[in-house]
Every structure is written in structure tokens, then in C-alpha cells.
Protein chains: 2
Amino acid sequence: MDAVFKALADGSRRELLDRLRADNGQTLNELCAGLGGMTRQAVSKHLGVLEEANLVATIKRGREKLHYLNPVPIHEIAERWIGKFERSRLDALSALKAALEAGDA
Amino acid sequence: MDAVFKALADGSRRELLDRLRADNGQTLNELCAGLGGMTRQAVSKHLGVLEEANLVATIKRGREKLHYLNPVPIHEIAERWIGKFERSRLDALSALKAALEAGDA
DNA sequence: TTGACAGGCAACCAAATGGTTGCATATTGT
DNA sequence: ACAATATGCAACCATTTGGTTGCCTGTCAA
């Protein structure tokens, strides 16, 4: 899970995920075009990080490599990690408010 | 939002959030104890990052500073970012499967 | 076969990051 | 007042990270 968070920490990588969601199964070169003034190798590295985090799956088709978005790890975050805080959202907020008020007393 | 993702990228910071959720309103020293072999200043920096990302709110009470978890940014991620992929989860998976099958043809 | 196209690998570099030590500041209890 | 407590600030260091350039490999088409 650590790898997923770290992969998501970079804006370019999030943008890559966005672009993959908009048009799944793109090649490296396709993904390069549009990701402003960045080398192919830079994009390749980013895709590598995403792949390592299991956020994209790839298949080699001839001389090109297609990239597919894998939403499962993100879903897992939503389930395990965010749900935990989400559930206590209102409680924490009211606790915060109460604490702030008690602070002056 | 970028700051939130970057703040969440570090395991120690996620642990700090966990510990805050378990016991909200802790001081810096309280949070230090339990976060294995790390200096107070290191923890302080982490809390600074979390604060900058609006994931923790603080109030100064006398000579100590209480830290409170703020779950709102995480909730926003769940809403805006994860929901986006979540919604297309099954679609993407079936598309991936179809693509893999078509790959051999 | 040979050239063009898609991608991989490795070395290298600058900047950011996580962590440390050392000292300064403010508050509290006696 | 004074010592102890709780935190802040700044300089410094090692590692990681995002990015580059240069070259090598594999695949398709003429």
C-alpha cells in the first residue's frame, strides 16, 4: 500500500492516470504527447512507478506496449484507509469544535 | 490537493494520523513516544507537513500544542478523485480482460 | 536486408526529503 | 526568581526523486 500512496503523490503520475482513464490502453509515445515538455524516458519512469504500485497493467503487443489503468488499489485505499477516517468525520469535527471552545475556558 | 497526497505519501505521517484518530488532541511529546526511535524534531516536521496539508489542526494551550485530526481533505479525495476511478472499476477490469484476450488473436 | 519506429537500460545531475544536532524561546511550578 | 518542561528555528547531512542524455535492443514495413 505504501507504493500506491507514493505513486499517487506525484502530479504527473496522477495526470497519467487521468489520461489513461480517459483513453485506456495507450502506448508510451501516445502518453508522452500531451504531458508537457517531458522526455519519453521520464514518462517511462513514471509509468514504471505506477506499474510497480499495480496502478497500471501493461501488455506488450508487437513492438508497442499498451497501458491499462487498474483501479483496484485505489479502491482498496478508499475501503481500508479513507473509510476509517470518513466514518469518524463528523465526530472528529465536533470534537475539534468542542476542544477549541474549551480552550478559552 | 497536491499537498494532501504528498503528505499522505509517508508512512510515518500516516501513522501519526492513525494515532491521532485513536486519541485526538495529543501534544508533540505525546506523539513522539511510540513513534519508534525518531527525534522530536523529526516528528515536529512531519506534523508541520500534515498541518500544511490541512490534515491536522492545532491549538496552542499554554506551553503545549494540541494536535487534532482533520478528516475533511481525505474525504475530499474520496469524493473527487477516488470516486472517479471507483465508478469505472468494473468497466476497466472487463476492458483489461478483453484486451488481454484480444492480444493473443 | 535495411531503415525507421517503439521501447528499455544505465549513468549522471539537481533538487527535494527525512532525519539529525544544537541552540533559542516561552510557559509553568515551586 | 529559577529550574524544568514543551516547543520552535536553523544549519547541516544522506538518500531519494524527477529529470536528462546517450546508447542498445527488438519489431515492423518496404
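The minimum heavy-atom distance linking B:T58 with B:H67 is given by the pair CG2-CD2, 3.4 Å.
A donor N or O paired with an acceptor N or O is not found under 3.5 Å between the base of D:dT7 and the side-chain atoms of B:R63. Side-chain to base pairing of A:R40 with C:dG8: one donor and one acceptor N or O lie within less than 3.5 Å of each other.
B:K60 comes within 4.0 angstrom of nothing in the nucleic acid, heavy atoms only. Residue contacts shown for B:G37 are limited to sugar-phosphate atoms, with no base heavy atom under 4.0 Å away.
The interatomic distance linking B:R13 (CZ) with C:dG19 (C1') rounds to 12 Å, in whole Å. As rounded to whole Å, 20 Å separates atom C1' of D:dT16 from atom CZ of A:F5. Taking atom CG of A:L28 as the reference point, atom P of D:dT27 lies 16 Å away to the nearest angstrom. Put simply, CD on B:E64 is 9 Å from P on C:dT28, counting in whole angstrom units. When rounded to the nearest whole Å, the span between CG of B:L66 and C1' of D:dT7 equals 13 Å. Look at CG on A:L16: it is 12 Å from P on D:dG18, rounded to the nearest Å. The interatomic distance linking B:L50 (CG) with C:dG18 (C1') rounds to 13 Å, in whole Å. A straight line from CG of B:L8 to P of C:dT17 spans 14 Å, rounded to a whole angstrom.
For A:Q41, the listed nucleotide lying nearest its side chain is D:dC23; candidates were D:dC23, C:dG19, C:dT28. Which of D:dG18, D:dA11, C:dG7 sits closest to the side chain of A:K45 comes down to D:dG18. In the set D:dG8, D:dG18, D:dT20, the nucleotide with an atom closest to the side chain of A:M38 is D:dT20.
Ionic pairing of B:R14 and A:D2 is present here: one or more N-O contacts between side-chain nitrogen and carboxylate oxygen are shorter than 4.0 angstrom. Electrostatic pairing of A:K65 and A:E51 counts as a salt bridge here, judged by a charged N lying under 4.0 Å from a carboxylate O.
Using a distance-only test at 3.5 Å, with no hydrogens or angles considered, no donor-acceptor pair links the side chain of A:N70 to the main chain of A:V56.
Not one side-chain nitrogen or oxygen of B:H46 sits closer than 4.0 Å to the OP1 or OP2 atom of C:dT17. The phosphate of C:dG19 (OP1 or OP2) has no side-chain N or O of B:T39 nearer than 4.0 angstrom. Contact between the side-chain N/O atoms of B:S12 and the OP1/OP2 oxygens of C:dG18 is not found at any separation under 4.0 Å. Side-chain N/O atoms of A:N29 include none lying less than 4.0 angstrom from OP1 or OP2 on C:dC5. Residue A:S44 has a polar side-chain atom (N or O) positioned under 4.0 Å from OP1 or OP2 of C:dG8. Side-chain N/O atoms of A:K65 include one lying less than 4.0 angstrom from OP1 or OP2 on C:dG8. For the pair A:K6 and D:dT17, the criterion of a side-chain N or O lying under 4.0 Å from OP1 or OP2 is met.
No more than 12 heavy atoms of other residues, nucleotides or ligands sit less than 6.0 Å from atom CD of B:E52.
A:S12 places none of its side-chain heavy atoms less than 4.5 Å from the side chain of A:L16.
Along DNA chain D, the nucleotide closest to A:G62 and the one closest to A:V43 are compared, and the more 5′ of them pairs with A:V43.
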